[in-house]
Each structure stands twice: as C-alpha cells, then as structure tokens.
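Quick notes on the structure that follows.
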Amino acid sequence: MIVENNPLLQEFNTLHNTAPFSQIKESHYESAFEKAIQLATQEIDSITQNKAAPSFSNTIEKLDNSGELLGRISSIFFNLNSAETNDEIQRIAREVSPVLSEFSNDITLNESLFKRVKSVYENRAALDLTEEQKTLLEKQYKRFSRNGANLTEIKKVRLREIDSELSKLSLSFGENVLAATNAYEMHLKDDSRLSGLPDSAKEAAAEASKAKHKKGYLFTLDHPSYVPFMTYVDDRLLREELSKAFGAKAYRDEYDNQENVIKITQLRFERAQLLGYKTHAHFVLEERMAKTPEKVNEFSQEILDKAKPAAQKDFNDLQEFAQNFHENPVASLQKWDAAYYSEKLKQRLFSLDDELLRPYFKLENVINGVFEIASRLYGLSFEETSTIEKYHPDVLTYVVKHEDNTLNSIFYADFFPRKGKRNGAWMTSFKNQWHDEDGHNIRPHVSNVCNFTKPTATKPSLLTFNEVTTLFHEFGHALHGMLADTKYRSLSGTSVSWDFVELPSQVLENWCYEKEALEIFAKHYQTNEVIPLEYIEKIKAAANFQEGLQTLRQLSFGMMDINWHGIDPMEIKDVKAHEKKTFDHTDLYPDVETSCMSTAFAHIFQGGYSAGYYSYKWAEVLDADAFELFQENGIFDRTTAKKFKDNVLARGGTEDPLVLYTRFRGSEPKIDALLKRAGLVA
Ligand SMILES: [Zn+2]
C-alpha cells in the first residue's frame, strides 16, 4: 500500500534537504520501507534486464546508486531507534529488520546480477578505471564471492548450512553467557562486610535486593554491580568469591559454552576453507588494513616484547604497594586484588578528582573548543541555526561551511541522556556525501549522539575529562563524515575497514592533552581562568597509569582471538588449555583454575569481532603515529592537517587504507610513537 502524502517518500522541501522530522509520523515508516524496497528491487531488475553488455557504468555504478530512497529512510529510522525510540518504533524495527536483511541477501544471492558484476570484474584490466572505481568494483565483486557466489551448487548448500548453524550457535553462546550471568547472585544480609564501597554502589545493591523482595544487599556479575565491588570492597574473601564467579561464567557449569566455542571455530574454519581461504582469520582480514593473521601476530608480538618489561614493573610496583598497604596488606597479588589496589595506588599518585576538573569543562566551551580546532586545522566554520528541524528539542543543529563559505555539511549534536536514547556515544549520518549522477557533490548530514552530564537549575553542563575525550572522539568521526569527498556513496566518509575507522576519532583525542589546545577551551566556567598546568600534567600522567599492564591485557585478548581463528582448530579438544597458550605469555597474575575467558568472550564468539579484537591496539598505533607528525610540525599546522584531510579524511574507503595512510605519513605506521606516548619506552 502506498501512502500518497508520506513525507518519507517525497522530496524533502526543507533547508538543505534535511530530514523533515516534524512531518514524519511513526505510521509512515512501514509503508515507506515497503515502497522503497519495491523501488530498489526495480532498480536491481533494470540492471539485470539490461540488454547491453555489462559495463562499469551500467552495472557497478548503477548498483552503487540503487536503493538511495531505502538508504535515506533507513538512516532516519534507525538513527531515531537509537536516539529517540519508543515502543512503536521498536515494534517497527522488529518487523522491518528481517525484511531488510532478506532484501540484502536477495541481492547477494542474485545470480544474474553476479554474472554481470563478475564479467566486469574479469575484464577490469582492460577498463580505464580510477583507483576509486577499482576499489568499488573489487568491493562489489567480493560481496558476492565471499558469500559463495563462485561455488558449485553442492558447496553452496553446505555454505548455507554452515551459516545457519553458526547463527544458531552464536545465539546459544550468547544465551548461555546471559543465563550464567543471571544465575549468580551474592546476597549479603547487612553491610558489615561492605566497607570501602561507595554509597552509590551500596544504594544500588540495596535496591537490587529490594526488587527481589529481600532485605540487605544484592550483587551480580553485571558490570555496574561487579566493577565497583571489585574496585572498592575491602573484604578480600568476598572479592575472591565474586571474581571467581565472574571468571567461571559458562565454564563447566549448567550453561557450559566449551562445546559451542569449539564448534563455532571449527565451522568458521570450514567456511573459510570452502571459500578458498587458509583460515577464518585470513578470510576476515583480507578486507582489513592488517590483511593477514601473520601480520597481526607480528604486530602484537612486537608490542608485547616492548610492553612486557613495563608491565612487569607495573605489577611489581603494585605488589610492593599492596604488601605495604597499611590497612589491608597482602603477600602476593591475585586477580581479585588488581582493581582494588590499583585504585588505591592511583589515588595516592594522582589524587585527580573528576569534581576538581569539571569546572574547566563547561560543555558549551568544549564544543566551541572543538569547533575552533576544526577551524584552525581544516578551515571549517560552524553556525548554530534554528531553521533546521530536530527530532528532539535538546538537539543542536549547525550549518558547517568551508573557508570559501560554501556548504560543507549539516551537523546535529544531541548531548544529554533521556528516556528513549540508548547508552554510550556515537557518530552517525542522516545522509552520506557522494557525487550524484548529475555530478553534484551532495554534502552530508552528520550527527553526534552522547549521554553527557546534564545541566542543573544552578549549574551548566560540566563534563568529566572522560566526557571531554569522548566528545573529541565522536567529533573526530564526524570530521571523517564532514570532510568526505568521494564519488561513490558506499565508499564515503566512515565507510572504511574496521581497523582504520578509529583513526580519525582517536587522533583527535590527542588535542585534549595539549596545552595549546586546552587553553582554547578549558576555562573555569565562573572565573574564566585557564586550567592550571599542573592539572594538565596530572591528566597526562594519570592517562598512562599502569599502561604496561593495560597493554598486556588488550594484547592478550587480541592474540587469543587470532589463536582461535588464525589456525586449523579441528584438533582442539580443551578450550582452557588452548587459551592458556596465549595467556601463559601475557598474564602476570596466577592462573585461576576454575576460570575460562573464551567461554564468555561474547565479542568474538557471539558478536562480529572475530579475528578483529586486535583493531583496538592497531588503531592506537595509527593514531599515535599520525599525531606524532602533528607534534613535529605543530598541532595546528595547516600543511600537516591538509595532508591528513586530503589523504585520509576526504578519501573514505576509496583505496587500500595502508596506501592512504602511507601517502599522508610518508611511511608505513610504526609502533614507536605509541610506545613513547604510553610511557612504555623512554
Ligand atoms: Zn569510535
């Protein structure tokens, strides 16, 4: 059914074609999706039914341009489902999501479409294509081939079997983790053993207990309950109990995931082999900057070698501190002592209190600061406007312009928590940059959504330093979107590989630690006094606290991930013994026999992070190495910024990220800058 006056299906007659939120009703979505899918299907059909021989423009370009309306509706709908949802939107999401993935699968399984794409791909050497066009062609071809389009019928059937089995197994993995988490609770009748725990955590535990009609205090393995407990509770035996329960989740219990882990890794391996790859990690990494598990291992080992002495020193320092801790000395550290004594040591070394810093980080000052930095680096200007529609009154809207006063983008900023917004902070777009078929450079509509400290009746919004770095991080992603300048929509802005996408966001965080940058915006909201230099020094030192141990921990997860997915797993029988192969090299705390990490590692066995966990460290290496060039040339140096913009921010996913990066930096990324910044080497 087509709703005639459905605003989602019409030209947006708004300023800069921004989404007309005031006209969009929830009742418009379902029919709009239906109509847009019909239209996209027709667009695909017109490609496959074309009598002319397949060419880059009549197949590859047409395919990239198809589904524009569907993309526009999806962006609006799913952005609102994250930032301003309600029961009705959630219901529609449940209805629409399977339909959308079916539509996407239909394209991937469309044999006549693949035949045309393949024909162009096989002729590519004879075509006069730009680098961007080559990338687009390669990506489109791989979208089919990586889903089995080149396989024989028998193998195709097996691939579908594996896929459906894998989706059941990862579901079961996740259900087990959840059930194991929920099965445990620690109930204490009174607070006699809770000394050390902050009141807020105590109140939450009392409320949790009350909700179950019990007196006293209830603690669980959920992070908001678990983390403060392990950090603050003085009673070591209780910490040990909770820590052991946490470590034993879905391991040798009623919800045991050992078999799931083995089956998942073996099926992933079989799938990869079916498609002609050596292992699952080879399959995944082909489309990443790192390219191979060998490269990831080499990179991890290199950092590990450098970080281990620093980690050992962190560990020894902590041990010595714990041995001499006047209230609760312990002879030798165990896993359940880590957070507790680290917090005490951190307090002693830095005594950096959030409340001390907040007055220097008034939200409005920080936003204007990040705008000023973007202006000095990239010549952008930001003008707040009331003429662009918003989906909630809290949202701020800006018209962003280039130095020559032409339109760069529209920027939405949605900073405060409210019912209907999910947790966390993220960047998203209502519209991507691209060149339309008439050659117009369509400018993007970019959005940052966060959950920052709200203003009160007497105080403006004063951010913690952590919130400040989050704002810079998300704004770094936003710049990747704003400064995009590519021809094709699917290669624009943040449409880059996973181990490259955090470079623009993380690199911008570096400005938060620089005196020259802080002086722009870190001013006391009452006195206008610039943040004292000693605070800046303390912030920097605190950021590197126990960096050796942190690095080892991060590396260990990434290495274990590759150790599951970068090998032939068919002979693995013992999950714990297998993960120990990694942890024996990376863990300084004594092993706990009843604990297993893999059986609860949802990131890689349930979610989409398999063979990808290394990306966190990888991105840090990139951002430190990139920022080093800014430090050498000046953090506001326009030439360096222009290089970064022209080769990285503007280029999106149009070329191999290593090529783009090397063009900016003049050499491949090196780990040295990260080691130096983290204080791991002198
Ligand atoms: Zn990010």
Side-chain angles (χ1 to χ4, degrees), residues 75 78-79 82-83 287-290 366-367 369-371 373-374 377-378 409 411-415 417 421-430 432-433 444-452 463-484 491-513 517 543 550-551 554 557-558 561 602-604 607-627 630 644-645 648-653 657 660-661 664 669 674 677-678:
S75 304
F78 287 105
N79 283 338
S82 296
E287 294 203 311
R288 305 276 160 87
M289 186 175 179
V366 181
I367 305 165
V370 82
F371 287 166
I373 290 168
L377 291 170
Y378 306 115
S409 60
F411 180 55
Y412 298 83
D414 179 1
F415 286 127
K421 191 196 274 195
R422 72 173 158 89
N423 288 331
W426 60 94
M427 170 269 189
T428 182
S429 303
F430 287 97
N432 263 1
Q433 177 275 335
H445 300 168
V446 173
S447 172
N448 274 170
V449 189
C450 309
N451 282 282
F452 290 149
L463 304 183
T464 64
F465 186 69
N466 195 15
E467 289 175 324
V468 174
T469 56
T470 301
L471 190 148
F472 272 66
H473 181 102
E474 298 311 331
F475 193 77
H477 283 308
L479 284 173
H480 203 181
M482 289 172 187
L483 292 167
L491 303 177
S492 183
T494 54
S495 307
V496 302
S497 68
W498 278 25
D499 51 3
F500 197 54
V501 74
E502 296 299 333
L503 167 61
S505 51
Q506 287 183 189
V507 80
L508 200 66
E509 288 181 45
N510 288 287
W511 272 260
C512 301
Y513 298 88
Q550 304 289 0
T551 301
Q554 277 254 308
F557 298 158
D561 174 20
H603 254 75
I604 65 168
Y609 253 88
S610 61
Y613 203 91
Y614 76 92
S615 304
Y616 292 111
K617 233 346 146 240
W618 185 270
E620 279 182 46
V621 168
L622 292 183
D623 95 68
D625 188 64
F627 188 63
F630 280 99
F644 191 62
K645 181 185 79 159
V648 176
L649 298 176
R651 307 307 310 141
L660 295 177
Y661 186 85
F664 150 66
L674 174 67
R677 183 179 72 188

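Whatever order the structure lists ligands and atoms in, that order sets their numbers, starting from 1. Just so it is clear, the structure is predicted and the values come from calculations on it, not from any experiment.
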- Yes or no on salt bridge (charged side-chain N to carboxylate O under 4.0 Å, His left out) for D625 and R677, after CA distance, side-chain angles and deciding distance? CA-CA 10 Å; D625 188 64; R677 183 179 72 188; over 6 Å; no
- Could you tell me whether the side chain of E467 and the main chain of F452 form a donor-acceptor pair under 3.5 Å?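 Here the side-chain-to-backbone pair does not exist.
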- Message: Would you say the rings of Y378 and F644 are close, in the sense that their centroids are separated by under 6.0 Å?
- Response: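 No, they do not, as the ring centres are separated by 6.0 Å or more.
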- Angle subtended at the Zn ion (ligand 1) by NE2 of H477 and NE2 of H473, nearest 10°: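 About 100° at the Zn ion (ligand 1).
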- Message: Any N/O/S atom, side chain or main chain, of E474 closer to the Zn ion (ligand 1) than 2.8 Å?
- Response: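 So E474 does not bind the Zn ion (ligand 1) by this criterion.
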- Have a look at E502 and say which of its N, O or S atoms is nearest the Zn ion (ligand 1).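 Looking at E502, the N, O or S atom with the least distance to the Zn ion (ligand 1) is OE1.
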- Which of parallel (below 30°), tilted (30 to 60°) and perpendicular (above 60°) describes Y609 and W498?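 Ring orientation of Y609 relative to W498: tilted.
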